[in-house]
Amino acid sequence: MVKGDEWMRFLSVWFFITPFLLLSCYSVYFSSMGFFWGLCCSFVLFILLVMSSGMSFFFLIPNSWVMMDDLSFLMEVLVLLVFVLSVACSVKDLSFPLKETSKGLDSGLALISLPCVLFFCVGGWMPFYFFFEFSLIPTLWMILKWGYQPERLQAGMFLLMYTAGASLPLLMCLVFVLLVVGSDSFILMELSDTGYWFSRWLLVPVLLAFFVKLPIYGFHVWLPKAHVEAPLAGSMVLAGVLLKLGGFGLIRVLGLLKVILSEEALLLCSLIIWGGLLSSLISATQHDIKSIIAYSSVSHMSLVAVSILSCYPLAKLAGVCMMFAHGVCSPCMFALAASSYDWSQSRSISMNKSILRLFPWFSFYWFSFIVANMSCPPSLNFFSEVVMFSSIKSIGFVFILPLGLLCEFYLCLLYFFMRFFEPWWGVIFFKIVSGY
Amino acid sequence: MMQACMRSQNVHKGIETCLSKIVRHLSIGKTLQYSEDREYRAAAGEARSVKDIFKEEFSPLMKGEIHGVESKIPRETDILIIGGGLVGTAVAYFLKAYSSALGSVTVIERDYTYTRASSMLSAGGIRHQFSVPENVLMSKFTSDFLKNYKQHLSVFEQDPPEVSFHHQGYLFLAPLSSAENLENAVKMQRSLGAKTVLLSKEQLAEKYPWLNLDGIEVGSLGTSGEGWFDPWQLVHSLKAKNLANGVRYCEGEVIEFKMEDVRSADGTRKIIKGVDVDCKDGKHYGCNFSCVINCAGPWAGEIARLAHIGDGEQYGDTSNFIELPVEPRKRYVYTFHCPDGPTLDTPFVIDPSGAYFRREGLGGHYICGASPNDSEEPNIEDLNVDYDFYNEVVWPALANRVPAFNNSKLKAAWAGYYDYNLMDQNLIIGPHPYHTNFLFANGMSGHGVQHALAIGQAIFELIMYGHYKTIDLSRFSFNRFMDDELVIEDAIV
């Protein structure tokens with residue numbers, strides 16, 4: 001190896017690590033307040049720094065089964081982060097001695113995370129599809145075992161049927177591609193001229209699977225049901241990672257099929273944006289906190305889908321940023337919702353009011369994550385949404401209107417309820433009066 | 001204040017010894033005998049075996065049985081209301097009528113036929129004539145609601161609701177010794193907007209020639225908004241509206257409250273997490289809730305005991321030492337017929353001796369009754385009627401007051417329970433000071449039916465806003481027993 005290469009590697013490693021070291025001091029500042037979510041903020045800032053440094057373009061292909069590039073690496077970081085967060089937030093369920101009711105939670109969590117970790121570093125389309133589907137089974141198991149209502153079976157069926165039903169066409173297309181090209185390896189696909197052989201209509205069944213996974217409005221029904229029924233750790237992994245399987249897959253598939261911005265893609269984009277707007281409006285009418293966060297996830301993912309479909313490199317970058325930011329922000333909000341549920345035994349907003357009066361730090365954390373979700377600076381969501389808007393308006397200026405309306409509704413109502421409503425609220429007020 | 005607490009504690013413990021123990025011994029509240037080895041369905045948040053879930057889901061396919069997906073009792077609910085009588089149904093109505101977004105509301109009632117419910121066995125009278133201002137305001141609220149009940153309670157595509165409200169005033173008669181009290185009460189009622197008038201002896205004689213006014217100095221008559229209605233119909237109208245609004249009704253009996261130890265500012269404390277409900281299908285169900293409202297009527301004391309209210313010493317908490325002082329007390333209502341008694345303009349007459357009567361229908365029938373002295377309290381074991389009480393106490397008083405009743409014949413009678421508040425016979429509403437998610441709506445001691453709607457509105461405001469907005473009922477909180485600030489009502493019938 002050339003000496004210069006070694007130096008380059010050494011420098012790049014240190015360049016990589018230094019911001020993390022600097023930011024770890026920052027995170028210590030946060031954690032000293034008892035705010036372990038402050039670690040999330042520091043990770044968010046770190047990723048922003050890394051991505052803006054422009055040095056995150058690399059390929060790692062040790063063998064034909066594993067391929068890591070900058071996107072995979074980012075997603076692996078996200079999986080690790082979300083997994084650590086979900087374990088940290090379910091500490092009271094996972095502490096030894098294991099309660100009767102928590103038996104299997106640890107293995108379920110690991111089983112959900114394993115296919116996700118493997119999904120982002122596979123080197124071929126068949127393993128890609130396998131891990132895409134395999135992540136469903138532990139999710140279904142967690143929903144059924146710890147679900148809250150008898151409707152959990154319905155939630156599980158929705159999840160299973162939607163995802164499996166939509167992805168079978170994807171399997172057919174991938175097998176077709178395999179037969180035509182002769183190999184399913186990512187690298188070898190690049191060598192063959194796949195764009196020439198396939199019609200534009202192959203895009204539809206392929207995209208369908210990812211639209212259900214993301215989810216896009218119209219195929220989104222399973223998400224609120226699954227979130228409401230899942231236990232905390234399951235919800236966090238579902239929101240943080242499983243939705244990103246769809247986004248990641250979308251990017252890979254668009255690369256495979258050499259998609260260009262055509263009329264069909266433009267039609268899809270307009271439908272997706274409109275669905276995102278509708279989903280934000282629905283989110284503002286929910287009374288279950290988890291439902292609100294779930295519907296806002298649908299809106300965020302619709303933006304991700306549009307920015308990826310718009311085929312601009314900057315938009316793709318912004319979409320990836322949004323996936324990461326949402327993947328950090330959403331699990332934290334679910335954790336906060338679970339804390340609220342722990343306190344008041346209810347997931348309804350009306351029964352969780354006036355936390356500002358009683359738990360100022362807790363309501364600060366709610367505030368910071370809600371406004372981050374709303375894409376307020378200086379969060380990563382803000383950066384990604386600004387870049388997304390400027391890219392999406394390039395494909396059609398009319399998109400400005402629904403996009404503008406979209407961001408207003410992200411959880412504003414939830415925040416409003418929890419903070420600005422009548423301060424003298426019943427149950428919690430009584431609790432503090434009695435010296436709880 | 002400490003002495004007052006100790007005093008009320010001792011007094012209450014004294015009462016508790018003689019009457020509550022009888023209640024507990026007779027276990028009058030328990031209709032079902034349950035054994036510990038019934039199948040238990042876990043409450044929300046607890047894991048269930050996935051194999052069992054699938055087995056249950058596919059058992060209709062294998063065995064050919066059909067049963068609904070919904071379990072009998074929900075695994076969790078936001079607000080649980082124990083008791084499906086008038087008070088419980090009214091609370092559920094106001095909670096859901098405001099907005100279905102408040103959360104899930106579940107009502108648990110153990111007897112859908114309401115065979116012993118106080119609401120159904122009540123005479124159903126509504127009067128504005130109380131000596132406590134809040135009671136007056138609550139009755140006025142109910143009158144106003146019943147004026148527009150068709151607007152409030154109509155359900156789309158169903159028959160319009162009915163309450164059969166009969167408009168007739170109440171007439172309280174007072175001798176010279178209590179004339180001033182009555183006058184002050186009327187003044188207070190008029191200041192609150194109730195249309196009560198004070199009638200002198202001459203005016204009474206002119207208005208009601210059939211009334212014997214010996215020993216009577218003044219009378220107070222309610223001229224608007226008073227009367228009687230059918231509480232059975234009101235409960236069913238409210239229930240229909242509740243079902244349309246998404247309230248969930250469940251049939252089962254609450255047998256245990258589940259507590260959880262949590263960390264608090266000063267060590268650990270217990271919070272009420274959920275209930276165990278016994279169902280007729282042979283299973284126990286666990287149901288977790290955020291907030292529970294005790295609307296169990298006469299058996300509210302038992303429910304409170306199950307929730308360990310008054311048992312603080314066991315857990316080392318000295319603030320939770322007062323039990324809920326509510327007990328069932330049996331009261332009789334007799335129907336008699338008098339061919340030449342007072343007719344259409346007969347008010348609901350309340351004699352100074354405590355006996356009362358009113359017209360029932362237009363065929364010469366009347367309803368009457370009286371409250372016995374403390375020493376003559378009837379046995380609460382069953383709802384059998386004591387006819388000697390009529391012959392010895394009620395009829396002589398009424399025959400004295402209305403000479404025409406000398407020629408009357410007893411036709412029928414029934415008995416019902418008052419949810420009697422041992423301390424001051426007034427409403428107990430609001431949260432318990434220790435178990436803050438346990439709300440009371442008990443102890444109305446005979447005027448529950450006319451205050452139920454106002455109580456429902458008050459509970460809704462308490463949960464939604466944290467304070468009372470329409471009528472300020474903070475005087476009726478449970479804390480008054482600890483602070484010894486009882487609210488005494490003079491006009492108890």
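What you are looking at is a predicted structure, and each value in this text was computed from that prediction instead of being measured. Lettering of chains follows the sequences in order, A, B, ..., and the numbering in each one begins at 1.
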Undergrad: Shortest non-hydrogen contact from B/Leu102 to A/Met351?
TA: O-CG, 4.1 Å
Undergrad: Kindly compute the distance separating CG (A/Asp288) from CG (B/Asp78), expressed to the nearest 0.5 Å.
TA: 8.5 Å
Undergrad: If you measure from OG on B/Ser104 to CZ on A/Arg347, what distance do you get to the nearest 0.5 Å?
TA: 8.5 Å
Undergrad: From B/Asn288 CG over to A/Tyr341 OH, what is the distance, rounded to the nearest 0.5 angstrom?
TA: 6.0 Å
Undergrad: Closest approach of B/Phe289 and A/Gln345, non-hydrogen atoms and distance?
TA: O-CB, 3.3 Å
Undergrad: With a 3.5 Å distance limit and no angle check, can you tell me whether B/Arg75 reaches the backbone of A/Gly147 through a side-chain donor-acceptor pair?
TA: yes
Undergrad: Between A/Ser346 and B/Ser290, is there a donor-acceptor pair closer than 3.5 Å when you use the side chain of the first and the backbone of the second?
TA: no
Undergrad: What's the separation between atom CD in B/Glu260 and atom CG in A/Asp342, rounded to the nearest 0.5 Å?
TA: 8.0 Å
Undergrad: Taking side-chain hydrogen bond (donor to acceptor under 3.5 Å, both in side chains) as the test, write out the residues that go with B/Asp472, two or more places apart.
TA: B/Ser474
